[in-house]
There are 2 protein chains.
Amino acid sequence: MTTAHELTKNQTLVFNTLSRAEGPLSAYTILDQLRGDGFRAPLQVYRALEKLLDYGMVHRLESINAFVACAHPHNHSHNHGMIAFAICEKCGQVSEFSDDIITQRVREWTTQNGFKQTKTTIEIRGVCAACGTA
Amino acid sequence: MTTAHELTKNQTLVFNTLSRAEGPLSAYTILDQLRGDGFRAPLQVYRALEKLLDYGMVHRLESINAFVACAHPHNHSHNHGMIAFAICEKCGQVSEFSDDIITQRVREWTTQNGFKQTKTTIEIRGVCAACGTA
DNA sequence: TTGACTAATGTAATAACATCACATATCGAG
DNA sequence: CTCGATATGTGATGTTATTACATTAGTCAA
Ligand SMILES: [Zn+2]
Ligand SMILES: [Zn+2]
Ligand SMILES: [Zn+2]
Ligand SMILES: [Zn+2]
């Protein structure tokens, strides 16, 4: 069970910035948005992000070097499934979902091959429904 | 059917470097290995990589900012499945595989959500069998 | 209270990854 | 040969991430 983590000042600022954002933000974009709050160096952002990632409150999108607030904060501890992201390259919107069958298939491959997985990235890039019809 | 692409000089050099490598290489590592062949700037590597990626001869591993020669050059054009990579964080070895069920599940999600996918990244990081028992 | 320990923060410098802008060269079609 | 398309050379710049070290703030036992 994910106990509500006590966030420090910087962690709170970074998390709120991501939560308010429409889409994923780069660490440097976060930094710029927090200059008014006293942020001056990338490390302040990266350190906060590291903790927020640990807590499962934020996800890193590897394919675009950006970060996004988790869309389903409550579910993560219950289900151990792998999380997939669909990232719209037009509007930046990110949809987060989990598929048990994909999770199971990946586990089967790793089991059969003696591979101990620690982290799995599934990112689908393309154009979302809204942007596709526009 | 993948027609054998005529590679240019730089493309050949970059591809051979990746083919000889044990594991994935960063663009800058490739650059360093090709200094003796006259390479001087990152762009020479990135331009060659761009074409090799187009041709499907090389893959980019988004989660580690590195590139690897395709392990199954013949199959890629025949089967349109998504390709997954298992990356060992100890020894760097990469295993490339394709799973029809995963491909299908992803397609189902995108279809149901009106998402037009252009590229999908599936990367499993962990420890390979050899390193796990060592 | 003090001292000692730990977590969090501040800051500068540097490393690592990637692209832009512009010049030059190479090669085949007409 | 001349033109256009593709490939290459080069420096500067942009973007992302980490290292190293100094400082501050909370915790707790003596
Ligand atoms: Zn989430
Ligand atoms: Zn969109
Ligand atoms: Zn391949
Ligand atoms: Zn290994």
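Throughout, protein chains are lettered first and strands after them, A, B, ... in sequence-line order, and every chain is numbered starting at 1.
- Note on B/Asn65: a side-chain N or O is less than 4.0 Å away from OP1 or OP2 of C/dA18.
- Taking side-chain N and O atoms only, B/Thr8 has no distance below 4.0 Å to OP1 or OP2 of D/dT6.
- To the nearest angstrom, P of D/dT16 lies 20 Å from CZ of A/Arg47.
- To the nearest angstrom, C1' of D/dA17 lies 16 Å from CD1 of B/Ile64.
- Atoms CG (B/Leu61) and C1' (C/dC17) sit 15 Å apart, rounded to a whole Å.
- Taking the side chain of A/Leu43 as heavy atoms from C-beta on, and the options D/dT8, D/dT10, C/dT11, the nearest nucleotide is C/dT11.
- For the pair A/Leu53 CG and D/dA17 P, the interatomic distance rounds to 11 Å; values are reported in whole Å.
- Side-chain N or O atoms of A/Ser19 include one that pairs as donor or acceptor with a backbone N or O of A/Phe15 at under 3.5 Å.
- Side-chain N/O atoms of A/Gln104 and A/Glu108 include a donor and acceptor closer than 3.5 Å.
- Remark: C1' of D/dG9 and CG of B/Leu34 are 15 Å apart, rounded to the nearest angstrom.
- When the side-chain nitrogen and oxygen atoms of B/Arg40 are compared with OP1 and OP2 of D/dG9, none of them lie within a distance under 4.0 Å.
- Here the P atom of nucleotide C/dA8 and the CZ atom of A/Phe15 are 17 Å apart, to the nearest Å.
- Distance from the side chain of A/Lys9 is smallest to C/dG10 among C/dG10, D/dA17, C/dA21.
- Between A/Lys116 and B/Glu89, none of the side-chain N atoms (NZ, or NE/NH1/NH2) sits under 4.0 Å from a carboxylate O, so this pair counts as no salt bridge.
- For the pair A/Lys51 and C/dA7, the criterion of a side-chain N or O lying under 4.0 Å from OP1 or OP2 is not met.
- Within the 4.0 Å cut-off from OP1 or OP2 of C/dC17, not a single side-chain nitrogen or oxygen of B/Arg60 is found.
- Here B/Ser26 does not reach the OP1 or OP2 of C/dA16: none of its side-chain N or O atoms lies under 4.0 Å away.
- Taking the charged nitrogens against the carboxylate oxygens, A/Arg125 and A/Glu123 have no contact shorter than 4.0 Å, which rules out a salt bridge.
- In the set C/dT9, C/dT11, D/dT10, D/dT10 carries the atom at the smallest distance from any side-chain atom of B/Ala41.
- Donor-acceptor pairing under 3.5 Å is lacking for the side chains of B/Glu96 and B/His72.
- Across the protein-nucleic acid pair, B/Tyr55 atom OH and D/dA7 atom P stand 6 Å apart, rounded to whole Å.
- Computed from coordinates, the A/Gln44 CD to D/dA20 P distance equals 19 Å when rounded to whole Å.
- Residue-nucleotide stacking is present for B/Tyr28 and C/dC17, judged by a side-chain ring centre under 5.5 Å from the six-membered base ring centre and planes under 30° apart.
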